[in-house]
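One structure follows; several queries about it will come next.
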Amino acid sequence: MTTRLTTTGGAPIADNQNTLTAGPRGPVLLEDYQLIEKLAHQNRERIPERVVHAKGWGAYGTFTVTNDITRYTRASIFADVGKKTELLARFSTVAGELGAADHERDVRGFAVKFYTDEGNWDVVGNNTPIFFVRDPYKFPDFIHTQKRHPKSNLRSATAMWDFWSLSPEALHQVTILMSDRGLPRTPMQMNGYGSHTYSFWNKDGERFWVKFHFKTMQGHSHYTNREGEAVIGRTREGYQEALFGTIENGDFPKWKLCVQVMPELDAEQTPYNPFDLTKIWPHSDYPLIEVGIMELNRNPENYFAEIEQAAFSPSNKVPGIGYSPDKMLQARVFSYADAHRYRLGTHYEALPVNAPRCPVHHYHKDGQMNFFGQRTGHLDAYYEPNSIPASAKEDPSTAEPPLRISGDAARYNHREGNDDYSQARALHDRVMNDDERQRLYGNIAEAMQGIPEEIAERALGHFALISPAYADGIRAARAALGAGLQAAE
Ligand code: NDP
Ligand code: HEM
């Protein structure tokens with residue numbers, strides 16, 4: 001039996017090939033509702049793209065606990081070794097628009113929504129453990145430098161380096177971006193990091209600070225700029241092809257989820273601010289503790305419904321997991337749900353991809369596109385408190401332990417007394433080998449092409465404070481690039 005085509009109202013459509021016209025040559029009659037419905041729907045097929053991280057690739061999967069961490073957290077997702085939780089992951093680039101080529105040098109987003117039995121927990125991270133800015137006031141300015149110039153409508157290297165060279169806290173992240181890790185071959189061949197410091201609390205109400213690391217089990221693999229350009233020449237959709245293809249072939253990628261855990265009071269003693277998003281916690285001080293395995297094993301059935309409409313937010317947390325004083329994180333707790341209400345609509349969390357897989361009870365009411373009824377546990381309970389026993393009530397047993405904070409309200413200079421160089425130095429001097437350093441210098445030299453000398457010199461001044469060899473390497477790479485370009489003319 002064939003499936004009968006209908007209007008959105010469910011009425012059968014007799015002819016989907018020929019419009020309703022006055023005579024065979026037209027004109028079209030206004031009463032051709034089916035044509036009008038088709039055109040009207042097409043006009044509404046696009047929603048605003050994400051203001052950042054617009055281009056993305058996603059899949060469903062499973063998280064399995066492999067190690068007991070219940071001494072740190074009461075989060076139900078970690079309750080038992082062997083426990084499985086369904087999840088959705090979305091990877092992305094940051095700066096490019098929805099149609100951007102996948103293999104561009106950029107930070108990659110690494111967002112995971114865990115559908116836990118006590119609500120959705122989202123880790124909305126990147127493939128880098130740190131970030132370009134540490135004060136959320138500067139996030140919109142930073143993003144403007146990554147997007148298009150208002151007049152030329154072109155991306156501007158001058159704007160990027162002007163901002164970075166005036167923001168020394170950015171150069172640790174710039175070092176990672178310009179290193180091999182700035183251009184992973186596929187989303188499967190990179191790590192993910194929660195980046196911020198979050199918190200855990202256990203059943204006794206003890207708090208710990210925590211960082212999340214997703215370590216790729218496929219191994220790291222990267223392209224050089226030239227290799228990336230060659231791939232883009234063949235396909236602009238290399239990541240989608242790789243992720244979708246590998247899952248379709250039954251070859252399921254995996255990541256090991258690890259945590260670094262810091263006792264609550266240690267935060268007052270570390271030589272760096274552990275809530276500063278431009279800093280890592282050295283592994284030697286806070287070693288990685290394995291928690292479980294994330295496997296991606298199911299492609300979405302419909303990209304738009306399940307990936308474009310996916311709404312990840314750091315505000316989605318569950319009992320046992322909390323925020324930290326990190327200023328950036330605080331701003332993100334506001335920003336994402338606000339973006340989702342604008343991009344997707346008031347009831348975005350009731351969309352199937354975002355809907356929790358546990359009972360949902362709240363007293364929010366009505367609003368555009370409300371397609372669900374009362375969620376309060378009883379038809380007469382549309383306010384709270386009420387005296388209806390069956391209605392949804394708060395559960396004090398899930399309360400987060402109180403957080404010790406103090407301080408005078410002021411706009412504190414976040415650069416004062418802050419060491420922006422040592423951790424970038426550790427990466428440049430100790431973690432990278434000679435070949436990696438040479439590629440780093442070459443990538444920076446290319447990225448600096450065409451910018452005013454004054455801005456380049458200001459940036460080089462900061463690179464020299466990371467390590468004199470770093471600045472010298474970039475200078476040599478710039479000279480070689482300049483000579484190469486002259487020879488080619
Ligand atoms: P470790 O030697 O214990 O760890 C070095 C880390 O660097 C590893 O996690 C490694 O990831 C990662 N790494 C290697 N190459 C790059 C690259 N090009 N870009 C980004 N990360 C890379 O050192 P420490 O913990 O003492 O940290 C030293 C420096 O390493 C830090 O200042 C920071 O710049 C960088 N780093 C540190 C991380 C941390 O959480 N401690 C995380 C990532 C980077 P992998 O193990 O997957 O190969
Ligand atoms: C997406 C804001 C910092 C990772 C977004 C979106 C906004 C936003 C508005 C689009 C959301 C949507 O429409 O669905 C901010 C602000 C930041 C900040 C205000 C700082 C103050 C960060 C940091 C990280 C990060 C530090 C990583 C550690 C991501 C990711 C996405 C995203 C991965 C895409 C999520 C997805 O796949 O849908 N950000 N961001 N952002 N951001 Fe941020």
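Here the structure is a predicted model, which is why all the values come from computation and not from measurement. The figures that follow rest on heavy atoms only: side chains count, while hydrogens, waters and symmetry mates do not. Counting convention: from 1, in listed order, for ligands and their atoms alike.
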Check: Can we call the ring centroids of Trp209 and Phe275 under 6.0 Å apart?
Finding: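 When the ring centroids of Trp209 and Phe275 are compared, they turn out to be within the sub-6.0 Å range.
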Next item on the list: Please work out which of the three classes, parallel, tilted or perpendicular, describes the rings of His347 and Phe372, given edges at 30° and 60°.
Entry: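 Answer is perpendicular, since the angle exceeds 60°.
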Margin query: List ligand 2 atoms under 4.0 Å from Phe110, heavy atoms only on the residue side.
Written below: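 Heavy-atom distances to Phe110 below 4.0 Å select 33 (C).
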Notebook entry, point to check: Do any heavy atoms of Asp180 fall under 4.0 Å from ligand 1?
Noted result: no
Item checked: Heavy-atom nearest neighbour in the protein, as seen from atom 28 (C) of ligand 2, with distance rounded to 0.1 Å ->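 So the nearest neighbour among protein heavy atoms is Ser195 OG, 3.4 Å.
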Check: Is Arg430 in polar range of ligand 1, meaning some N or O pair under 3.5 Å apart?
Finding: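 Yes, since at least one N or O of Arg430 sits under 3.5 Å from an N or O of ligand 1.
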Check: Is there at least one pair of N or O atoms, one from Tyr193 and one from ligand 2, spaced under 3.5 Å apart?
Finding: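 No, no N or O pair falls under 3.5 Å.
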Next item on the list: Considering only non-hydrogen protein atoms, determine which one is nearest to atom 22 (C) of ligand 2 and report residue, atom name and distance to 0.1 Å.
Entry: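 In this structure, atom 22 (C) of ligand 2 has Arg332 NE, 3.3 Å as its nearest protein heavy atom.
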Notebook entry, point to check: Given side chains that start at C-beta, do those of Tyr348 and Arg343 come closer than 4.5 Å, heavy atoms only?
Noted result: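 Side-chain contact under 4.5 Å: no.
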Checklist line | Heteroatom distance test (Arg90, ligand 2): nitrogen or oxygen, under 3.5 angstrom | finding: yes
Notebook entry, point to check: In the protein, which heavy atom is nearest to atom 27 (C) of ligand 2, and how far is it?
Noted result: Asn126 ND2, 3.0 Å
Next item on the list: Within a distance under 4.0 Å of any heavy atom of Gln423, pick out the atoms of ligand 1 and give their elements.
Entry: 31 (C), 32 (O), 34 (O)
Margin query: Tell me whether the rings of Phe208 and Tyr72 are parallel (<30°), tilted (30 to 60°) or perpendicular (>60°).
Written below: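 Taking Tyr72 first and then Phe208, their aromatic rings stand perpendicular (interplane angle over 60°).
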Notebook entry, point to check: Once the angle between the rings of Phe78 and Trp121 is folded into 0 to 90°, is it parallel (under 30°), tilted (30 to 60°) or perpendicular (over 60°)?
Noted result: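 Phe78 and Trp121: perpendicular rings.
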Check: Are any of the side-chain nitrogens in Arg74 or Glu118 under 4.0 Å away from the carboxylate oxygens of its partner?
Finding: yes
Next item on the list: Kindly indicate whether a cation-pi arrangement holds for Lys84 with Phe63, taking the cut-offs as under 6.0 Å to the six-membered ring centre and within 45° of the axis.
Entry: no
Check: Is there an N/O/S atom in Tyr336 that lies less than 2.8 Å from atom 43 (Fe) of ligand 2?
Finding: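 Coordinating: yes.
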Notebook entry, point to check: Taking NZ, NE, NH1 and NH2 as the nitrogens, is one of them in Arg71 or Glu206 under 4.0 Å from a carboxylate oxygen of the other?
Noted result: no
Notebook entry, point to check: To which of Glu49, Arg343, Arg50 does the heavy atom nearest atom 10 (C) of ligand 2 belong?
Noted result: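 The residue whose heavy atom sits nearest atom 10 (C) of ligand 2 is Arg50.
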Note to self: Show the atoms of ligand 2 that are less than 4.0 angstrom away from any heavy atom in Val51.
What the structure shows: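 Reading through ligand 2 atom by atom, the close ones are 9 (C).
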Next item on the list: For the residue pair Glu237 and Thr235, confirm or rule out a side-chain donor-acceptor distance under 3.5 Å.
Entry: no
Check: More than 12 foreign heavy atoms under 6.0 Å from NZ of Lys256: is that the case here?
Finding: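 No, not enclosed.
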Item checked: Tyr193 and Phe212, any side-chain heavy atoms less than 4.5 Å apart -> no
Notebook entry, point to check: Do Arg134 and Asp326 sit within salt-bridge range, that is, some charged N less than 4.0 Å from a carboxylate O?
Noted result: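 Between Asp326 and Arg134 there is no salt bridge, as every charged N stays at least 4.0 Å from the carboxylate O atoms.
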Next item on the list: For ligand 1, find out whether one of its N or O atoms is nearer than 3.5 Å to an N or O atom of His283.
Entry: yes
Next item on the list: Just jot down the ligand 2 atoms closer than 4.0 angstrom to any heavy atom of His340, in number order.
Entry: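 The atoms of ligand 2 under 4.0 Å from a heavy atom of His340 are 12 (C), 14 (O).
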Notebook entry, point to check: Hey, mind stepping through Trp255 and Gln218 against side-chain contact (heavy atoms from CB on, under 4.5 Å) and telling me if it holds?
Noted result: CA-CA 8 Å; Trp255 286 260; Gln218 288 64 242; 4.3 Å; yes
Next item on the list: For Trp281, take its heavy atoms, then give the atoms of ligand 1 lying under 4.0 Å from any of them.
Entry: 39 (C), 40 (O), 41 (N)
Next item on the list: Check each atom of ligand 2 against the heavy atoms of Phe312 and keep those under 4.0 Å away; list them by number with element.
Entry: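 By the 4.0 Å cutoff, the relevant atoms are 36 (C), 37 (O), 38 (O).
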Next item on the list: Measure the distances from the heavy atoms of Tyr286 to every atom of ligand 1 and state whether one is below 4.0 angstrom.
Entry: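 Not so, Tyr286 does not reach ligand 1.
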Notebook entry, point to check: Which ligand 2 atoms does Ala339 reach within 4.0 Å, using its non-hydrogen atoms?
Noted result: 9 (C), 13 (O)
Item checked: Residue Pro129 vicinity, atoms of ligand 1 by number, heavy atom under 4.0 Å ->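 In order of number, 42 (C), 43 (C), 44 (C).
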Next item on the list: Can you sort out which atoms of ligand 2 are near Ser335, meaning under 4.0 Å from one of its heavy atoms?
Entry: 2 (C), 9 (C), 19 (C)
Note to self: Which residue and atom name correspond to the protein heavy atom nearest atom 35 (C) of ligand 1, and how close is it?
What the structure shows: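 Ranking protein heavy atoms by distance from atom 35 (C) of ligand 1, first comes Leu427 CD1, 4.0 Å.
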Checklist line | Aromatic Phe312 / basic Lys113 pairing, under 6.0 angstrom, 45° off normal | finding: yes
Margin query: Out of all atoms in ligand 1, which are within 4.0 Å of some heavy atom of Ile176? Include the element for each.
Written below: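 Taking each heavy atom of Ile176 in turn, ligand 1 has 19 (N), 20 (C) under 4.0 Å.
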Next item on the list: Give the residue, atom name and distance (to 0.1 Å) of the protein heavy atom nearest atom 32 (C) of ligand 2.
Entry: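 Closest protein heavy atom to atom 32 (C) of ligand 2: His53 CD2, 3.2 Å.
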Check: Got the closest protein heavy atom to atom 45 (P) of ligand 1, with its distance?
Finding: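 Answer for atom 45 (P) of ligand 1: Lys215 NZ, 3.5 Å.
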Next item on the list: Look at atom 33 (C) of ligand 2 and say which protein heavy atom is nearest, naming residue and atom and giving the distance to 0.1 Å.
Entry: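 Checking every protein heavy atom, the shortest distance to atom 33 (C) of ligand 2 gives Gly125 O, 3.2 Å.
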Checklist line | Residue selection (non-hydrogen contact nearest atom 36 (N) of ligand 1) among Thr216, Ile280, Val431, Leu288 | finding: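 Heavy atom nearest to atom 36 (N) of ligand 1 belongs to Ile280.
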Checklist line | Pick from Asn191, Thr175, Asp285, Leu177: the one approaching atom 47 (O) of ligand 1 most closely through a non-hydrogen atom | finding: Asn191
Next item on the list: Considering heavy atoms of the protein only, find what lies nearest to atom 26 (C) of ligand 2 and give residue, atom and distance to 0.1 Å.
Entry: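 Minimum-distance protein heavy atom for atom 26 (C) of ligand 2 reads Leu277 CD2, 3.5 Å.
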Note to self: Which of the numbered atoms in ligand 2 are under 4.0 angstrom from any heavy atom belonging to Gly109?
What the structure shows: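 Near Gly109, meaning under 4.0 Å from one of its heavy atoms, ligand 2 has 33 (C).
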Item checked: Identity and separation of the nearest protein heavy atom to atom 6 (C) of ligand 2 -> Val52 CG2, 3.6 Å
Check: Are Lys55 and Glu104 within salt-bridge range, i.e. N to O under 4.0 Å?
Finding: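 Salt bridge flag = no for Glu104 with Lys55.
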Checklist line | Centroid separation Trp57 to Phe91 less than 6.0 Å | finding: no
Notebook entry, point to check: Would you call Arg404 and Glu264 a salt bridge, using N to O less than 4.0 angstrom?
Noted result: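 Here Arg404 pairs with Glu264 in a salt bridge, since their nearest N and O are under 4.0 Å apart.
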Margin query: Please work out, at 4.0 Å between heavy atoms, whether the side chain, the backbone, both, or neither of Asp338 comes within that distance of ligand 2.
Written below: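 Within the 4.0 Å criterion, Asp338 makes no contact with ligand 2.
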Notebook entry, point to check: With atoms numbered from 1 as shown, which atoms in ligand 1 lie under 4.0 angstrom from a non-hydrogen atom of Ser179?
Noted result: 17 (C), 18 (N), 19 (N)
Note to self: Among Arg437, Gln260, Met432, Arg181, which one puts a heavy atom closest to atom 11 (O) of ligand 1?
What the structure shows: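 Minimum heavy-atom distance to atom 11 (O) of ligand 1 goes to Arg181.
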Notebook entry, point to check: Are side-chain heavy atoms of Cys258 and Val291 found at a separation under 4.5 Å?
Noted result: no
Check: Does ligand 1 have any atom sitting under 4.0 Å from a heavy atom of His213?
Finding: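 Yes.
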Next item on the list: Return yes when His172 approaches ligand 1 closer than 4.0 angstrom through a heavy atom, no otherwise.
Entry: yes
Notebook entry, point to check: Hey, are Lys138 and Asp135 close enough for a salt bridge, meaning a charged N less than 4.0 Å from a carboxylate O?
Noted result: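 Judged by the 4.0 Å cut-off on N to carboxylate O distance, Lys138 and Asp135 do not form a salt bridge.
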Item checked: Which segment of His220 sits under 4.0 Å of ligand 1 when only heavy atoms are counted -> side chain
Item checked: Between Ser195 and Asn126: side-chain donor-acceptor atoms closer than 3.5 Å -> no
